[in-house]
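In what follows, residues are counted from 1 in the order of the sequence shown.
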Amino acid sequence: MNLKWTDKELGIIEAKAELYTPKQIASILKRHGYSRTPIAIATKLWALGYSTSPFLDNYSSTEIARVLCVHSTTVSGWVRRGWLKTSRRSSKRYQVRRWHLKNFFDNPPQHLKKRIASIDSEAINYLLGRKA
């Protein structure tokens, strides 16, 4: 059964997206009279461009690429070359922790310094959890 998301549901999800897990958001929606599964909420968050991990401490290469406005293969290349450290989520998936991103942006490889400097500083601050 595929029910269309209401504007009120989307408003609740967007307001809670960065502070709560999909399971917690499902509970909040239930208190407002809506019935959505955590998987449905996680899928909708992803479609809206939000991370499904609260406090944004771990990222996938796709999430990083979306925020920085670069292609995901660019971020994957940084990982393959060892410039950006990761932890494995599964055999094909990995996660980048915030402090690894901080190290990468603070000390980029010499030939990437101009490219990193051209990336929007607000996007970098968002990923690193810094105030603008």
Side-chain angles (χ1 to χ4, degrees):
M1 189 156 104
N2 191 6
L3 298 175
K4 187 172 171 85
W5 290 82
T6 66
D7 291 335
K8 188 172 179 184
E9 282 179 299
L10 292 175
I12 293 169
I13 287 175
E14 289 185 11
K16 308 296 183 189
E18 294 180 13
L19 298 175
Y20 297 94
T21 65
K23 187 175 181 179
Q24 291 169 322
I25 295 172
S27 176
I28 292 167
L29 285 174
K30 189 173 185 177
R31 280 186 260 141
H32 284 90
Y34 300 103
S35 179
R36 298 286 181 174
T37 65
I39 293 172
I41 293 168
T43 303
K44 192 61 169 180
L45 285 172
W46 184 84
L48 293 171
Y50 290 98
S51 174
T52 57
S53 58
F55 309 114
L56 302 176
D57 281 337
N58 300 316
Y59 301 96
S60 70
S61 62
T62 307
E63 290 171 326
I64 294 169
R66 188 178 4 212
V67 172
L68 297 179
C69 297
V70 297
H71 200 275
S72 62
T73 56
T74 301
V75 178
S76 297
W78 296 342
V79 171
R80 275 193 314 276
R81 289 177 181 88
W83 299 334
L84 185 57
K85 304 290 183 223
T86 63
S87 302
R88 285 271 182 206
R89 260 194 244 182
S90 68
S91 62
K92 294 184 179 182
R93 305 257 186 243
Y94 51 85
Q95 62 187 7
V96 180
R97 299 194 186 274
R98 183 181 287 168
W99 64 83
H100 293 310
L101 276 173
K102 182 180 182 319
N103 289 338
F104 176 74
F105 288 125
D106 289 346
N107 304 307
Q110 187 65 33
H111 62 284
L112 283 181
K113 286 189 179 196
K114 286 184 181 178
R115 182 161 190 182
I116 297 299
S118 70
I119 294 175
D120 183 16
S121 62
E122 286 183 24
I124 293 172
N125 289 337
Y126 173 78
L127 285 172
L128 300 179
R130 297 177 183 160
K131 301 287 184 207

_Interatomic distance, Leu127 atom CG to Arg98 atom CZ [nearest 0.5 angstrom]_ = 8.5 Å
*Supply the atom-to-atom distance Arg36 CZ to Ile25 CD1, rounded to the nearest 0.5 angstrom.*
13.0 Å
*asked:* According to side chain to side chain contact (heavy atoms under 4.5 Å, CB included), who are the partners of Ser27, at least two apart in sequence or on a separate chain?
replied: Arg31
*Count the heavy atoms of every other residue, nucleotide or ligand shown that sit under 6.0 Å from CD1 of Ile39, and state whether that count exceeds 12.*
no
_Is the shortest side-chain heavy-atom distance between Leu10 and Lys44 below 4.5 Å?_
yes
*Who passes side chain to side chain contact (heavy atoms under 4.5 Å, CB included) against Ala40, sequence neighbours left out?*
Trp5, Thr37
*Roughly how far, to the nearest 0.5 Å, is the CD1 atom of Ile41 from the CG atom of Leu48?*
11.5 Å
*Name all residues meeting the ring-ring contact (aromatic ring centres under 6.0 Å, His included) criterion together with Phe104; count only those two or more places apart in sequence or in a different chain, and write none if there are none.*
Trp78
*asked:* More than 12 heavy atoms of other residues, nucleotides or ligands under 6.0 Å from CG of Asp106: yes or no?
replied: yes
_Lys114 (side chain) donor-acceptor with His111 (main chain) under 3.5 angstrom_ = no
_Listed partners of His32 passing ring-ring contact (aromatic ring centres under 6.0 Å, His included), at least two apart_ = none
_Those residues that, when tested against Asn107, pass side-chain hydrogen bond (donor to acceptor under 3.5 Å, both in side chains) (two or more places apart)_ = none
*At what distance, to the nearest 0.5 angstrom, does CG of Leu3 lie from CD of Glu9?*
8.0 Å
_Ignoring hydrogens, what is the shortest heavy-atom contact between Val96 and Lys85? Give both atom names and the distance._
CG1-O, 3.9 Å
_With sequence neighbours excluded, residues passing side chain to side chain contact (heavy atoms under 4.5 Å, CB included) with Arg97_ = Asn58, Ser87, Gln95, Trp99, His100
*Point-to-point distance, once rounded to the nearest 0.5 Å, from CZ of Phe105 to CG of Leu84*: 7.5 Å
_Within this structure, what is the CG-CD1 distance for the pair Leu29 and Ile13, rounded to the nearest 0.5 Å?_
5.5 Å
*Could you give me the CA-CA distance, side-chain angles and deciding distance for Tyr59 and Val67, then say whether side-chain contact (heavy atoms from CB on, under 4.5 Å) is met?*
CA-CA 11 Å; Tyr59 301 96; Val67 172; 5.9 Å; no
